[in-house]
Amino acid sequence: MVIRNVRNFDHMDTIYYEAHKNLYLNLTNRCSADCVFCIRNFADGVYGYNLRLSKEPTTEEVIEALKGLDLSKYREIVFTGLGEPTLRFDTVLAITRWLKSQNIRVRLDTNGQAALINPRRDVISELKSAGIDSISVSLNAESEEKYNKLCRPVHKNAYGAVLDFIRGAKQAGINTRVTVVEVSEIDIEECRKLAKELDVDFHVRALSKAASKDLKTARDPDI
Ligand code: SF4
């Protein structure tokens with residue numbers, strides 16, 4: 001059961017929410033990609049939570065909000081959001097350091113483009129030093145051509161950078177997995193093979209109901 005647990009500022013933003021026995025952090029609605037299946041194109045959030053932010057929360061606001069919770073009851077705290085967390089890289093690092101000082105498991109859900117988003121940073125080393133326990137990377141394509149078509153990244157050579165990020169995270173000893181969304185354009189088995197070559201875990205994510213309905217209608221306007 002998903003329990004509504006929303007931290008409201010005066011503007012009523014949801015900066016964290018519970019699901020799957022985890023606590024998810026919503027730091028930004030911005031992203032360096034524009035995936036055709038992105039929930040941002042179809043809904044305001046997930047699990048009944050409106051994740052549209054009127055302003056991005058500061059590091060201090062997030063930590064202050066987390067201090068009021070019993071964090072030990074969650075399996076892990078997950079940077080996710082309705083956007084790409086590594087656009088707030090310093091905030092991710094600072095909150096991770098604070099959570100690790102409380103002995104809490106921390107996961108980053110990311111599009112894997114952190115090195116392109118933060119070109120002057122050694123993103124893997126910094127995540128490792130901050131203490132991140134695991135990273136889940138949205139791979140979503142078995143080839144660069146398909147990735148560009150489906151994920152429409154802002155940066156050039158994004159697919160190669162995503163693969164490098166996955167390799168780097170694995171080499172750094174961070175628990176790493178890749179995910180794909182279950183849409184017909186993606187060759188799930190080829191992606192599974194690629195994950196095996198990269199020696200990382202593999203997870204298929206169901207497409208959100210809202211995206212599923214709208215994408216189906218877009219492909220077949222007679223529906
Ligand atoms: S990477 Fe994630 S947040 Fe960014 S556009 Fe794709 S699905 Fe949306």
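- Every residue meeting the side chain to side chain donor-acceptor pair (under 3.5 Å) condition with Ser72, not counting sequence neighbours, appears here in chain and number order: Asp70.
- Taking the side chain to side chain donor-acceptor pair (under 3.5 Å) definition, one finds that Asn111 meets it with Ser32, sequence neighbours left out.
- Using a cutoff of 4.0 Å between basic side-chain nitrogens and carboxylate oxygens, Lys170 and Asp199 are scored as salt-bridged.
- Hydrophobic clustering of Ile, Leu, Val, Met, Phe, Trp and Tyr side chains at less than 4.5 Å, counting indirect connections, keeps Leu116 apart from Ile166.
- With sequence neighbours excluded, no residue forms a salt bridge (charged side-chain N to carboxylate O under 4.0 Å, His left out) with Glu60.
- Asp201 pairs by the side chain to side chain donor-acceptor pair (under 3.5 Å) definition with nothing, not counting sequence neighbours.
- The salt bridge (Lys or Arg N to Asp or Glu O under 4.0 Å) pairs that include a residue from residues 45-54 are Asp44-Arg52, where partners are two or more places apart or lie in different chains.
- Partner Asp133 forms a salt bridge (charged side-chain N to carboxylate O under 4.0 Å, His left out) with one of Lys100, Arg107, Lys128, Arg177 and no other, that one being Lys100.
- Ion pair Glu56/Arg88 flagged as a salt bridge, since at least one NZ, NE, NH1 or NH2 atom sits closer than 4.0 Å to an Asp/Glu carboxylate oxygen.
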Would His20 and Tyr47 count as a ring-ring contact (aromatic ring centres under 6.0 Å, His included) if you check the C-alpha gap in whole Å, the side-chain angles of each, and the deciding distance to 0.1 Å?
CA-CA 11 Å; His20 312 300; Tyr47 308 124; 5.4 Å; yes
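- Looking at residues two or more places apart in sequence or on another chain, you find a ring-ring contact (aromatic ring centres under 6.0 Å, His included) between Tyr24 and Tyr17.
- Judged purely by atom type and a 3.5 angstrom limit, Asn26 uses its side chain to pair as donor or acceptor with the backbone of Leu51.
- Checked against side chain to side chain donor-acceptor pair (under 3.5 Å), Lys193 has the following partners two or more places apart in sequence or in another chain: Glu190.
- Annotation: salt bridge (charged side-chain N to carboxylate O under 4.0 Å, His left out) contacts of Lys149 (sequence neighbours excluded): none.
- With sequence neighbours excluded, no residue satisfies salt bridge (charged side-chain N to carboxylate O under 4.0 Å, His left out) with Lys21.
- Between the side chains of Glu84 and Thr110, a donor-acceptor pair is found at a separation under 3.5 Å.
- Side-chain atoms of Thr179 and Ser136 include no donor-acceptor pair closer than 3.5 Å.
- Within the structure, the ring-ring contact (aromatic ring centres under 6.0 Å, His included) test picks out no pair touching residues 76-105 (sequence neighbours left out).
- Of the listed residues (Thr86, Leu93, Leu127), just one forms a side chain to side chain contact (heavy atoms under 4.5 Å, CB included) with Arg121, and that residue is Leu93.
- Residues in residues 126-149 take part in these ring-ring contact (aromatic ring centres under 6.0 Å, His included) pairs, two or more places apart or across chains: Tyr147-Tyr159.
- Residues satisfying the salt bridge (charged side-chain N to carboxylate O under 4.0 Å, His left out) criterion with Arg97, sequence neighbours excluded, are absent altogether.
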